[in-house]
Number of protein chains: 2
Amino acid sequence: MAGFVSHFTNRLDAKGRVSIPAPFRAVLARDGYEGLYCITSSHCQAVDAGGNELCAEIEKCSEAFAKLSPDHDALSVALFGASENPKVDGDGRMTISDMIREHTGITDQVTFVGMKYKFQIWEPERFREYRAEAQKRAFAMLSGQAPASSGGEPA
Amino acid sequence: MAGFVSHFTNRLDAKGRVSIPAPFRAVLARDGYEGLYCITSSHCQAVDAGGNELCAEIEKCSEAFAKLSPDHDALSVALFGASENPKVDGDGRMTISDMIREHTGITDQVTFVGMKYKFQIWEPERFREYRAEAQKRAFAMLSGQAPASSGGEPA
DNA sequence: TGATTTCCCATGATATCCCATGTGAACCCG
DNA sequence: CGGGTTCACATGGGATATCATGGGAAATCA
């Protein structure tokens with residue numbers, strides 16, 4: 001099925017490498033893998049990662065402003081300056097850069113969280129905290145929102 | 001026969017596998033089976049499972065918010081981070097992941113409960129308790145709202 | 001040249017595939 | 001109508017493939 005789902009926690013090895021979960025690699029390949037795109041999240045201590053689909057989303061974001069305009073420039077710096085294209089080795093591992101380490105606080109373990117069109121990279125303990133918070137917010141959002149057309153409360 | 005109905009209890013084997021009830025497999029196949037979609041329920045100790053129809057329902061939820069926004073991210077983590085695509089082997093069995101085990105308390109038996117457009121996965125004893133409670137609620141709702149003569153629940 | 005990074009292979013644990021078996025229900029046939 | 005047969009399905013287990021992880025050697029960089 002399509003998209004990144006579920007979450008996985010893997011260990012960093014002595015060289016700073018970590019295996020990207022196999023199901024996520026499969027999604028990347030299906031999406032027409034051209035390298036992994038990573039960008040630090042602006043509102044949480046995580047890194048967004050993905051393939052073409054994530055790239056397209058980010059570009060769409062910056063296209064909202066006219067090129068050469070101050071706004072566009074500022075946004076470009078903010079977006080692309082905080083981005084990376086980590087290499088993925090033949091065994092499906094990526095290296096955690098210093099930028100990612102600093103932004104996420106990752107030391108020896110990494111949690112990968114599927115979010116359908118992208119996935120996030122977290123320090124496991126911080127993810128647990130964020131997740132608890134996210135679940136509360138999600139519950140509030142869904143119950144505040146008008147019920148969907150087809151009968152039946154999702155999840 | 002449309003949708004998942006009735007309920008079944010099957011045993012887990014030593015490898016953590018359990019047979020998905022044959023009638024449910026038939027429904028999945030008719031729905032255009034592309035893999036099983038599972039998501040932990042936010043309001044009870046069960047896992048929602050289904051095919052395309054359930055998947056579409058979940059996606060619709062997250063479409064209410066702009067991608068890359070904090071709200072969308074939180075919702076995605078709560079929904080997709082708590083989801084899985086268990087593989088189904090040639091004999092119609094799925095493996096119960098640790099995530100499902102923890103959320104449901106399943107140890108050696110699994111109850112599958114049809115809910116028309118999806119089905120739920122329960123630890124048998126917890127399901128019995130939930131069911132007793134649900135029946136009370138349903139009865140109260142129906143007798144409070146509907147005329148005594150009405151033959152069944154609304155579609 | 002010394003320090004990293006990249007590539008490649010080794011390994012243990014786990015998951016997946018494939019086939020065997022038991023059991024109950026449906027079916028057929030006399 | 002009764003007895004035997006077949007079938008579908010849940011379950012078990014051995015063989016095999018996949019995956020995360022570790023480490024050495026070659027390549028790259030400064």
Side-chain angles (χ1 to χ4, degrees), chain A residues 1 4-30 33-36 38 49 84-102 106-114 119 121-124 127, chain B residues 1 4-30 33-38 47 49 83-102 106-114 119-124 127:
Chain A
M1 232 178 279
F4 305 99
V5 295
S6 190
H7 63 274
F8 308 87
T9 298
N10 290 336
R11 264 196 302 282
L12 278 170
D13 67 16
K15 299 181 184 177
R17 299 173 299 184
V18 63
S19 289
I20 298 168
F24 288 8
R25 298 202 302 261
V27 175
L28 286 171
R30 218 187 98 284
Y33 177 75
E34 292 175 20
L36 185 62
C38 288
E84 280 182 354
N85 289 119
K87 294 194 200 338
V88 178
D89 72 20
D91 299 326
R93 285 180 287 196
M94 63 180 285
T95 22
I96 299 296
S97 68
D98 288 345
M99 180 184 84
I100 296 182
R101 268 177 214 277
E102 281 169 29
I106 286 170
T107 56
D108 64 333
Q109 289 204 312
V110 181
T111 296
F112 297 85
V113 185
F119 60 92
I121 296 174
W122 282 87
E123 190 282 320
F127 170 64
Chain B
M1 68 171 173
F4 306 99
V5 294
S6 186
H7 66 272
F8 309 86
T9 299
N10 290 335
R11 261 197 306 280
L12 277 170
D13 68 16
K15 298 183 184 175
R17 299 175 299 186
V18 63
S19 289
I20 298 168
F24 288 8
R25 298 202 301 260
V27 175
L28 287 172
R30 278 167 30 98
Y33 178 75
E34 291 177 23
L36 186 62
Y37 190 87
C38 289
V47 171
S83 299
E84 279 181 355
N85 290 132
K87 294 200 198 318
V88 179
D89 72 19
D91 300 324
R93 285 180 287 195
M94 62 179 287
T95 30
I96 299 297
S97 68
D98 288 345
M99 184 180 82
I100 296 182
R101 274 197 159 79
E102 282 169 29
I106 286 170
T107 55
D108 63 335
Q109 288 203 314
V110 182
T111 297
F112 296 86
V113 184
F119 62 92
Q120 284 190 328
I121 296 175
W122 283 87
E123 190 282 321
F127 171 63

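The sequence lines fix the lettering, A, B, ..., with proteins before strands; numbering per chain opens at 1. Everything numeric in this text was worked out from a predicted model, so none of it was measured.
- In terms of the side chain to side chain donor-acceptor pair (under 3.5 Å) criterion, residue partners of A:T9 (sequence neighbours excluded) are, by chain and number, A:T111.
- As a whole-Å value, the separation of A:R17 CZ from C:dC9 P is 14 Å.
- One interatomic measurement links the two molecules: NZ of B:K87 to C1' of C:dC18, which rounds to 17 Å at whole-angstrom precision.
- Contact annotation for B:N10: backbone-only contact, meaning every heavy-atom pair under 4.0 Å involves sugar-phosphate atoms and none involves a base.
- Listed nucleotides D:dT21, D:dA10, D:dG22 differ in distance to A:D13; the shortest reach to its side chain belongs to D:dG22.
- As rounded to whole Å, 11 Å separates atom C1' of D:dA20 from atom CZ of A:F112.
- Residue B:I20 contributes atom CD1, which lies 13 Å from atom C1' of D:dC9 at whole-angstrom precision.
- In summary, A:R93 and A:D13 engage in a salt bridge, as defined by a charged side-chain N under 4.0 Å from a carboxylate O.
- Remark: C1' of C:dT14 and CG of B:D89 are 15 Å apart, rounded to the nearest angstrom.
- Between the side chain of A:N10 and the backbone N or O of A:V18, no donor-acceptor pair lies under 3.5 Å.
- When distances run from any side-chain atom of B:A22 to the nucleotides D:dA10, D:dT21, D:dG12, the shortest one goes to D:dA10.
- One interatomic measurement links the two molecules: CG of B:D91 to P of C:dC18, which rounds to 10 Å at whole-angstrom precision.
- The phosphate of D:dA10 has OP1 or OP2 within less than 4.0 Å of a side-chain N or O from B:R25.
- We find that CG of B:D108 is positioned 14 Å from C1' of D:dT11, with the value rounded to whole Å.
- The residue A:R11 sits close only to the backbone: its heavy atoms come under 4.0 Å of sugar-phosphate atoms, none of a base.
- Atom CD of A:E34 sits in a sparse spot, with 12 or fewer heavy atoms from other residues, nucleotides or ligands closer than 6.0 Å.
- For the pair A:K15 and A:T9, nearest-nucleotide mapping onto DNA chain D gives the more 5' position to A:T9.
- Using a 30° and 60° split on the angle between ring planes, B:W122 and B:F127 fall in the tilted class, from 30° to 60°.
- Contact annotation for B:R93: base contact, defined as any heavy-atom pair under 4.0 Å involving a base atom.
- In this entry the distance linking CD1 of B:I96 with C1' of C:dT14 reads 17 Å, nearest Å.
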